[in-house]
Amino acid sequence: MSQQTTQHRKYEARPPIASVGVIGWIRQNLFNSPLNSVLTIIIMAGLVQLLPPVTKWAFIDSVWFTSADVCKDTSGACWSVISQNLRFILFGFYPYDEHWRPITSVLILFGLFWLSYYRQFWSKKLLYGWLVGLVVMGVLMKGGIFGLVPVETTQWSGISLTLLLSLFGLTAAYPLGVMLALGRRSTLPAVKTLCVIYIELIRGVPLISLLFMSSVMFPLFLPEGVTIDKILRAQVAIILFTAAYIAEVVRGGLQAIPKGQYEAAEALGLEYGLKMRLIILPQALKVVIPPTVSILISAFKDTSLVIIIGLFDIMKTTKTTLANPEWMGFSTEAYIFIAILYFLGCFSMSNFSRNLEKTLKT
Amino acid sequence: MTEQTANTFDASSSEPIIEIIDMHKWYGDFHVLSDINLSVERGERIVICGPSGSGKSTLIRCINRLEQHQRGKIIVDNIELSNDLKNIEKIRAEVGMVFQHFNLFPHLTILENLTLGPIWVRKEPKKEAEETAMYYLNKVQIAEQAKKYPGQLSGGQQQRVAIARSLCMKPKVMLFDEPTSALDPEMVKEVLDVMIDLAQEGMTMLVVSHEMGFARSVAHRVLFMDSGQIVEQNTPEEFFHNPQNERTQKFLSQILH
């Protein structure tokens, strides 16, 4: 019997043109079903209608670095409202000559954020970097030593205030939330009850009412002569509020961890703290990264509510600019600018969360 | 057969490492374990079998207090199990446990799974713990997987890692809670082989299992449980060839064909 050999013919075939490249992509994504084709055409028609006038308004007919008078004569966008008032919008009532201090602080903060974004920089050094950075930022903002002119916290405003409230609001709320979640699942009845009451009470009221309470009611309970910084009070209200929401999300994560993990950790003889720190929390917190970041994003945006207790965050400085008779009527441009800033903040947070999920292999 | 492990145990020379006296346990109103009396000598190997729901898993889970008993006494290594957390942690460090579903820590590598207990509970230096871990990984023949995560291993491999993880704590007793019943059939043997090795080194073992071949060749004593009670106990020889109790006879006729 002759040995049978199968010959593999090699085909030098390429996929049909219609399935690769630009045409392939368009066919697969835009026209892959009758409904999608119709939707694509409708949206295209809408864009054709909308894009030219918007572009014309925003870029072609717009003015960028002019006085308010020039603005009134143009039909396009008046971006000058931002460029001419940028320093007030960003730094508010912080003394004009000292603006380099909040600028440096914000740059340090962004630098630290940027480093923290990448997993390969995560180390003890980065942690020390944060601690040193926070102290430097604090000294820069507050002044009073090293020949820096002291600046009262009541003058801290604009983007520095927004970032301050967000940064501390989020970083302090997270551990507090985790502790509340653990407390709510505790077997000790007193601890459990306290945590349940706390979480349900805080979640039961809007942030605005907490802010009002912190600014109006809380001082009434203090002995005469004692005052607590207004920013600090708002900060605490934001922390307490956000923590309650984080607690519930983390509790969900804790419940998602199989019982076997708890038992295996216990069977090794790990005590409660170690069991949670080494086995349960690393898994639970990883599961809830998406909803946690959701809460952090909304907390970041909610800091703009401090406007109602008279703090000048970036929202309020913008509104103040628009209240100036000279610049009245250009609110669209100003709010678009603020929206872009908030969007950049939120978008980088959600990017960070996706990046984190990838590096932690969830 | 050349190496039929001598299934006789000379109890006179040693003192019991586990003593359970008149122990009862309820889940709500349901009496899961009733009137359990059991004494385990150092080096003794016991296989516990019985129909599902008979309380055999609950019994061994009471020994390291993953379940709490309500009446009677359990004394492990001269420490009585009570609500004292420090005592419970001490006992758990001395008693290794292998679960049906392995329960490896999925976020840690195999090596980290093994060194976690020694480093945090036994306070061993990291290097020493890693050496011990590699020794046991070699022993269960998966040293080359040390850097992988549990999810990348087969069921049999995971269970061998779980056994190695317990051994790294240098336990005095090993509890096995149906270690092979979640495994694909072709992986049962590799896990049983590791357990037989362990038996030959003189480890004290309590094994909840339906592997009758394993019971025959390794156990000193086979316990049969039904409805929360120890119905019959005997040497494997007697237990399989000459069961006394009617329920035991019925059970054996159903699982031995």
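Chain naming here is simple, since letters A, B, ... match the order of the sequence lines and numbering starts at 1 in each. Heavy atoms only: backbone and side chains are in, while hydrogens, waters and symmetry mates are out.
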Chain A contact via [X] - side chain, backbone, both or neither, heavy atoms under 4.5 Å:
X       : result
V98(B)  : neither
R61(B)  : side chain
L104(B) : backbone
F105(B) : both

Does [atom1] in [X] sit with more than 12 non-hydrogen atoms of other residues, nucleotides or ligands closer than 6.0 Å?
X       : atom1 : value
Y27(B)  : OH    : yes
M349(A) : CE    : yes
E80(B)  : CD    : yes

Once rounded to the nearest 0.5 Å, what's the spacing between atom [atom1] of [X] and atom [atom2] of [Y]?
X       : Y       : atom1 : atom2 : value
Q283(A) : L108(B) : CD    : CG    : 7.5 Å
R92(B)  : E263(A) : CZ    : CD    : 9.5 Å
I279(A) : N113(B) : CD1   : CG    : 7.5 Å

Heavy-atom contact with chain B under 4.5 Å, split by part of L274(A):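 The side chain, not the backbone.
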Report yes or no: does [X] contribute a side-chain atom to a donor-acceptor pair with the main-chain N or O of [Y] at less than 3.5 Å?
X       : Y       : result
H107(B) : L360(A) : no
N64(B)  : A267(A) : no
E89(B)  : E266(A) : no

Can you tell if the side chain of L268(A) reaches within under 4.5 Å of the side chain of M169(B), non-hydrogen atoms only?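 L268(A) reaches M169(B) side chain to side chain.
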Of the non-hydrogen atoms in A264(A) and R165(B), which two are nearest, and what is the gap between them?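 Of all heavy-atom pairs spanning A264(A) and R165(B), the closest is CB-NH2, 3.6 Å.
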